[in-house]
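It should be emphasised that the depicted structure is a prediction, and the values quoted were computed from it without experimental measurement.
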Amino acid sequence: MQVTLQTIIGGVSLGAVYALVALGFSLVYRTMGLVNFAHGNVVTVGAYLASTFYLSTRLPFALAMIVAIGVTGLIGLVIERVLRPLENRDFDLMLIGTIGFGIVLDALIIMIWGATGRAVPSPVPSPPIDLFGLRIRTYDLVVLAIAAVATVLLVLFLSRTKQGAAMQAVAMDHEAATAVGIHVGRSNATAFMIGAGLAALAGGLVGPLLYVSPALGGALGIKGFAAAILGGFGSIPGAIVGGLAIGILDSFTAGHFQGYSELVTFLVFTVIIMIRPTGVFGERTVNRA
Amino acid sequence: MLRFRATAAIFSVALIAAGCSAPGSGNEDSGSTDGPIKIALVDAQSGQLSSLGAWELKGARLAVDEWNAQGGVNGRQIQLDVFDDQGDPTVGTNLARKIDSEGYIAMVGTAESAVTIAMAPLLKQAEIPNITSGQSPGLVAVGSDFLFLNGPTSTTYDETLAKHIVDGQGIKSIAMITNNGGYGKGEHDAFLKALQARNVTPLADQVVTTDQKDFSAVLTGIRQKNPKVIFLGAEEVESGLIVKQARDLGITATFAGAAPQGTPVFIDTAGARNAEGTIVSSPYLSNDISEASKKFAAAYKAKFNEEAELHGAKAYDGTQILLTALKTSNVATGKPLADAIRATKYEGLLGSFAFDRTGVGIFETSIGTIQGGQLVAAGS
């Protein structure tokens, strides 16, 4: 019982990070119908920026995160701006464009920060909380709280603001949205910017939990993408549920199947997707054109 | 239709990429007798194992520069070119073909056993001698006459470790965590064998994947068994994460391991306080063990402004052996060069090298512990 509960606790904190990554994937997908393959690399950029500001410039962790999110958001804008001429013309080229951006970002990361990586000390030094023999890291609680706040803010933005409503309209029908005077390009740019900001948030938060290296985003990107699909691609609550589910599933398979855990995680994932191709909350399947 | 176009586009990208690399790299004469001697260094320069690649490159570069400063080998300069295998066996096999077609006469690297094992058959076929920093017993099992190790195998590391822990300190309550990669598998088998030879059964024998991030389930299971020592058979970063998460879970056991557990990357990832007391089996504990190592460390520091460590020292030794063999064999290539390496007796930083038929040249490690964030020789 104790092992089971501790396993869930371990899975939840990484699950929250997967959820943030999945949110970024889903936000861009629901707005543009596009899978941003550079998303994982944007996570790495965010992690490096946050750790650089935190370690080198000695900014407080929260401030370092905000600066990192801002800078990474700008990178999201650049990606969207470069891809914009292709919008509604050649979707496949846009997809390949995002892959290309991923490779460029990967190379830039190695040029700027080197290939070696760095360890980020935890910004919350207090020891883990002991609850009936269960150990909960205080930093995990911080991660969970920030992820929850970010999700609430995102939902409020999408449902309560004009810009958010415009994005929802573009997501539903971009031709009709254009007809009523919504600037689709700007809407897409916002989606990319927020998506990149969420990636930076995920990357910055995961830094002290793991090890910041150029390979960081690759692993998180795949799990985050799987989380988005599992929850229902394009769905905001789906991304959260999917992220936590993948995190906990991963944690359990690691305990039971050891060296084959990755295999089992993705087998379970495949079976769920076969039974329910739209994911948990999904309304639509991935466009097969 | 759209899908077809996507496939076509990806194909054309791949074709262009393939086309870019092919033309300029035709078959040059590998046995040319003038111009620089071309040696390839193949190591991860990107990815999670890139710190190993970076250290290796520094050690090898230092050795090559020293020789070049003294006029090279037989009046020819040595050209050391770097190839990034990304820690990936597939990339490694492609590079094996590339260094063959581009006329490199020997290879230094890789630091990752799995990559070296993948490359070994191709290098054997191409008759390119390879001095690796890998330590998996699997390297010996390949049985290539062209493969040499610049350090001991896991068998030596783990036998020394088991001897210290079980025979020396009388500890029998031991748990194991290893990963399922080339290195981890080798460590698992070697340490388990060393324990079994002492009639010790590990309390737990847990296997993790190479890119696992959360170890709660594994560690909670081990915590309930309350071992005194936990053996780690995983690379630097993963081992560091395991130790950090173990301490967060309240595990107070001492950790033990081979080369990766003595590195700064391991200590940084785990946190110096968490790594305190870790028992390390290593052929190169510190830069102060001998006059040669002091000299090496000073040159390393002067050149790279960084403290020297085991992997740089291993690559330095390996490269020195290769260059010595090149000199004694009058810049031979292929089989004669491999034979010359095998015949080379060398007093290195790690000890006295004398290669046997399997390509292993050194059979000894020492025990150290991490004290205050530094690896120091064990007191006993």
ask   = How about Q374(B): does its CD atom have over 12 heavy atoms from other parts shown lying under 6.0 Å from it?
value =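 It does not: Q374(B) CD has 12 such atoms or fewer within range.
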ask   = Can you tell me if CZ on F266(A) sees more than 12 non-hydrogen neighbours from other groups inside 6.0 Å?
value =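 Atom CZ in F266(A) is packed in, count exceeds 12.
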request  = Work out which heavy atom in D205(B) is nearest to a heavy atom in Q258(A); give both atom names and the distance.
outcome  =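 Shortest heavy-atom separation between D205(B) and Q258(A) comes out as O-OE1, 3.7 Å.
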Contact summary for S251(A) and A217(B), nearest pair of heavy atoms =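 In terms of heavy atoms, the two residues are closest at O-CB, 3.6 Å.
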Going from [atom1] on [X] to [atom2] on [Y], what distance comes out if it is rounded to the nearest 0.5 angstrom?
| X | Y | atom1 | atom2 | result |
| --- | --- | --- | --- | --- |
| Q212(B) | T253(A) | CD | OG1 | 7.5 Å |
| D211(B) | L210(A) | CG | CG | 11.0 Å |
| Y211(A) | K213(B) | OH | NZ | 11.5 Å |
| S216(B) | I248(A) | OG | CD1 | 11.0 Å |
| L241(B) | L209(A) | CG | CG | 9.0 Å |
| R135(A) | R223(B) | CZ | CZ | 7.0 Å |

key: Contacting moiety of N274(B), where chain A heavy atoms sit under 4.5 Å   =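 Contact with chain A is absent: no heavy atom of N274(B) under 4.5 Å.
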Among [options], residue most engaged with chain A (heavy-atom pairs, under 4.5 Å):
| options | value |
| --- | --- |
| T178(B), D214(B), V265(B), L52(B) | D214(B) |
| N179(B), V218(B), V208(B), T209(B) | T209(B) |
| N180(B), L249(B), D268(B) | L249(B) |

Which portion of L216(A) sits near chain B, non-hydrogen atoms under 4.5 angstrom =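 Nothing of L216(A), per the 4.5 Å heavy-atom cut-off to chain B.
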query = Contact part of A219(A) toward chain B, heavy-atom cut-off under 4.5 Å: side chain, backbone, both or neither?
reply =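 Just its side chain gets close to chain B.
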inquiry  = I'd like to know which of V120(A), D130(A), T7(A), D106(A) tops the heavy-atom pair count under 4.5 Å against chain B.
reply    =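 With the most close heavy-atom pairs to chain B, the winner is T7(A).
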